[in-house]
*Asks:* 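Below are the structure tokens for one structure; questions will follow.
The sequence lines fix the lettering, A, B, ..., with proteins before strands; numbering per chain opens at 1.
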Amino acid sequence: MAPDRLKVLEARTRYEPADVESRIFARWWDAGIFHPEPEGTPEENFSIAVPPPNVTGSLHMGHALNGSIQDLCARVARMRGKRTKWIYGTDHAGIAVQRLVEKALAEEGKAKEELGRDGFIERVWEWRRQHGSTITEQFKRLGASLDYEDERFTMDDDYQRAVAGVFVHLYEKGLIYRDYYMVNWDPGLGTAISDLEVEQRTVEDTLYSIDYPLESGSGSITVATVRPETMLADTAIAVNPDDERYSRLVGETAILPLVGRRLPVIADEHVDPEFGTGALKITPGHDPADFEIGRKHGLEEVSVIGEDGRMTDAAPERFRGMEADEARAAVVAELRDEGLVSATEAYVHDVPHSHRSGRRIEPLISLQWFCDMNDLARPAMEVVRDGRLRFHPERPWTDVYTNWLENIRPWCISRQLWWGHQLPVWYRGGETYVGVEAPEGDGWERDPDVLDTWFSSGLWPFATLGWPEDTPALRAFYPTDVLSTARDIIFLWVARMVMFGIELTDDVPFSDVNIHSVIQAPDGRRMSKSLGTGMDPLELIDRHGADALRFGLLAMSSAQDVRFNEERVKQGRDLANKLWNASRLILLRVSDVEPDAGAAATVEDRWIVSRLERLTGRVTELYDSFRFSHASLDLYGAFWSELCDWYLELAKPRLYEQDNEAVSAVLLWALERTLRLLHPVMPFVTEEIWSLMPEAREGERGLLATADWPVAGEALIDERAEAEVERLMEAVTSLRRYRDEVSAKPSAIVRGRLVADGYEGLREHLARLARFELLDEDASDGDVLATVPIPGGGVQVLPSDAFDPAEAERRRSARRAQLVAEIERAEHKLSNEQFVERAPAEVVAEERRKLEEYREALRRLGAE
RNA sequence: GGGCGCGUAGCUCAGUGGGAGAGCGCUCGCCUCACACGCGAGAGGUCGCUGGUUCGAACCCAGCCGCGCCCACCA
């Protein structure tokens, strides 16, 4: 009769995650493992900052994968006895959240202008109160050991002060400045966005060739454009300086049709003589390349399209107020009337679009705030060179990161939004004031713009710990240890945290950056809600359990992108169940002893101890080097095949005996070791089983989550035991295969004689696992039907009623043919003189050994 | 235009110089007192193609063919 604590084991032949997970989570919570006190130093502590999810978001597969990875890191650190803080919080996600709330308002038939800025922002906070905890609860379902009690938000008061302080600091250093410059204008959102928020999409446009008459009256010059409406803002025509067709025209003047402006013909090497006519209309106000050329040549900058997407007063009166599209049609119509459109052709090319709204970017000259990045980028490259910051995997991400920093450009940081960190900038007449607090005196007007969300995200690892104040949390946990994310935000976020971290805290914000797979939909497309290709991690947790999802995600992900594969999750579910059942076998049978590898009494005991010790070293190394899929799959394989399929089967007879202390101690040790190693991957089921272990030791067993991480050593490695059991396993498999091949009845015992060396103490195992009756070598009992080769010899099969002897003969000829083929292969290889001479001696020796083995086996087979 | 990655068993993927691996699926046999989310035994790949280096190549080099991603101011 099992003790009370084991009733659940006895009753359940299946592991039921739903019955366990919330209870186990509550135990962790109550024990306070999530929330460390801010003590000690960053060197002795471990910290990792979660990439803050969108405050209104919900858990998607990427969160689930990265959550599993970070939780694994945190749990290993915690088991190593480190004070571990996994910094938690959410991001205000300016553009995304503002859009969301605007949409909700629109459904009520309201525009944000009706509420006014303050009213609108209050609505957003209200929204956050309603939806802000969704993802937090979902992280809990995953088992994430985040520090929930110390949750941060990028719009917290102190966080806002930190952001403003950084702005002021960089402004005073001269790195932040305000300028009229070409920006990516998102007409959908009505704001400027940064280069990184722009994506290229292939579109089909019409390429118009337009003739611009020369002032001299001696003909015209033809330019090509896909945006005829911007011609109204042309201020020059450019040709390549080496283009002889046009060299005599350089310095001449053309007349801009419809407008009449005089356009100088200039030379610039940017112009490709091969493209179109080789002449380029220059529109500094509406094209980034033209803008550069314009500044270089000191050209006038005319803006005919405004931020509202309509034609401005700078355009001829008849076009003013038109949408750009309308203006295009009108311009083309007029040009055709004047006979100036000399050609049109369909033209497919890549055009910048807003990543956020999906709208085509309108390049505009706009008064915006910028941050010069050169001085910040230099030290951020340096820390990678000197190894203070390491990417995992190192290639290609180190180079990707470095290349981007080498070519970094000014960052447009102002956004024409309401939701976010409003710029700490005030104007009065011609005065500008920049400060954390509002200026004294009357008449100051605050800049209405807010900062790019990534500006505040860039402070995440230290602002969450209280920076710029010298807080205990900052002293204990900064710099952090690991940062884990997908590659898509290496530039947007990772690089900026490094730059800001070094600039503001004089330290790298983390020492290791893990870049994980992007999980695609099963069909290979991007997983996304809008495509309908998303999959809900919560649903998978409901179906298979959190441990299963964690295992599946970790096992399927590596450095490469990977298609989501629910089979891997099921594999995790099966593993949890197998763990549960192996534990049933062990815990319901063992006597009340302490786990003890030193109790190993037999060769198979020493074997499993040795194997688990090796596994410990391997898994530790894989965890530490961020190779989580290998670690997960190695654990799976070792547990399933070595511990369950072999050791538990070998140990059963002794376990069933009354006097089973020794094997109990080894079994408990093996189970305990397995649970420790697997806990970072599958925390729930391992913790549950841990709680059912006998309380043989002094005092409380405590939580697995805070149990010691095992350290692998040499002392328990036993190569001899490993080799012996290896042979046993081979022998068992050979005999089982024989049984199968001759169609022996599953339950019947086959009689045979063991004629082989090296099975001292293993004979009983061999007989039992293979279902053979093994007689002594000298037992003379009937004709030998066949000899099954096993390492060190063979087993002579004797007649019995377990199978039909005719099957045996068929099988023997097949085996003979196979051995002949193997011998030929080996002989061929060894007859190659170059192989024998040049290959390493041990390789050649191994080949010779195999050849001898095959010959020996054939000899025995043919001997009967 | 520049850069990076991928193409290995029916499917999803490991595997960076010494005789091809995992999970699922498939075949055969088993409800064997932990587990049928299980047990045992199997079948199944000219490692995209073509050359090269090497005693030896899925692995290194070159070219080619198919996918995919990132960066980039050719209208």
*Asks:* For B/rC30, which nucleotide in any strand shown is its Watson-Crick or wobble partner with both distances under 3.5 Å?
*Replies:*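 For B/rC30, the partner nucleotide comes out as B/rG38, under the 3.5 Å rule.
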*Asks:* If you measure from the C1' atom in B/rG45 to the same atom in B/rG21, how many Å do you get, rounded?
*Replies:*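 Their C1' atoms lie roughly 11 Å apart.
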*Asks:* When you get a sec, tell me which of B/rU12, B/rC28, B/rG15 is the closest nucleotide to the side chain of A/His630?
*Replies:*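 Within the option list, the nearest is B/rG15.
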*Asks:* By nearest nucleotide on RNA chain B, pick out whichever of A/Ile586 and A/Thr733 is the more 5' one.
*Replies:*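 Its nearest nucleotide lies further toward 5', so the answer is A/Ile586.
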*Asks:* Do A/Trp397 and A/Tyr401 have their ring centres less than 6.0 Å from each other?
*Replies:*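 Between A/Trp397 and A/Tyr401, the centre distance exceeds or equals 6.0 Å.
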*Asks:* Would you mind pulling out the nucleotide paired to B/rG5, Watson-Crick or G-U wobble, both distances under 3.5 Å?
*Replies:*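 In the structure as shown, B/rG5 has B/rC67 as its Watson-Crick or wobble partner.
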*Asks:* B/rG38 phosphate, OP1 or OP2: any side-chain N/O from A/Arg14 under 4.0 angstrom?
*Replies:*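 The answer is no; no side-chain N or O of A/Arg14 sits under 4.0 Å from OP1 or OP2.
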*Asks:* Flag the pair A/Glu649 / A/Leu769 as yes when at least one side-chain heavy-atom distance between them is below 4.5 Å, and no otherwise.
*Replies:*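 When only atoms from C-beta onward are counted, A/Leu769 and A/Glu649 do touch, with a gap below 4.5 Å.
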*Asks:* Among B/rG23, B/rC73, B/rU16, find the nucleotide with the atom closest to the side chain of A/His270.
*Replies:*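 The nucleotide sitting nearest to the side chain is B/rC73.
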*Asks:* Can you tell me the pairing partner of B/rU46 across any strand shown, Watson-Crick or G-U wobble, with both distances under 3.5 angstrom?
*Replies:*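 In the structure as shown, B/rU46 has no Watson-Crick or wobble partner.
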*Asks:* Compare side-chain N and O positions of A/Tyr656 against OP1 and OP2 of B/rA34 and report whether any pair is under 4.0 Å apart.
*Replies:*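 It does, given that an N or O in the side chain of A/Tyr656 lies less than 4.0 Å from OP1 or OP2 of B/rA34.
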*Asks:* With a 3.5 angstrom cut-off on both distances, give the Watson-Crick or G-U wobble partner of B/rA22, or none if there isn't one.
*Replies:*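 Paired with B/rU12.
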*Asks:* Can you tell me if the side-chain N/O atoms of A/Ser558 get under 4.0 Å from OP1 or OP2 in B/rA14?
*Replies:*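 It does, given that an N or O in the side chain of A/Ser558 lies less than 4.0 Å from OP1 or OP2 of B/rA14.
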*Asks:* Take atom P in B/rC60 and the same atom in B/rA14, then report the distance between them in whole Å.
*Replies:*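 To the nearest whole Å, 15 Å.
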*Asks:* Taking OP1 and OP2 of B/rC37, is either one under 4.0 Å from a side-chain nitrogen or oxygen of A/Arg573?
*Replies:*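 Indeed not, no polar side-chain atom of A/Arg573 lies that close.
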*Asks:* Examine B/rC39: is either OP1 or OP2 under 4.0 Å from a nitrogen or oxygen in the side chain of A/Lys652? Give yes or no.
*Replies:*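 Indeed not, no polar side-chain atom of A/Lys652 lies that close.
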*Asks:* Measure distances between side-chain N and O atoms of A/Lys570 and base N and O atoms of B/rC37, and say whether any donor-acceptor pair falls under 3.5 Å.
*Replies:*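 Side chain to base: no pair below 3.5 Å.
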*Asks:* Could a donor-acceptor pair under 3.5 angstrom be found where the side chain of A/Glu567 meets the base of B/rA22?
*Replies:*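 No, no donor-acceptor pair under 3.5 Å.
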*Asks:* With rounding to the closest Å, how many angstrom separate the C1' atoms on B/rC6 and B/rG18?
*Replies:*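 After rounding to an integer number of Å, I get 26 Å for this pair.
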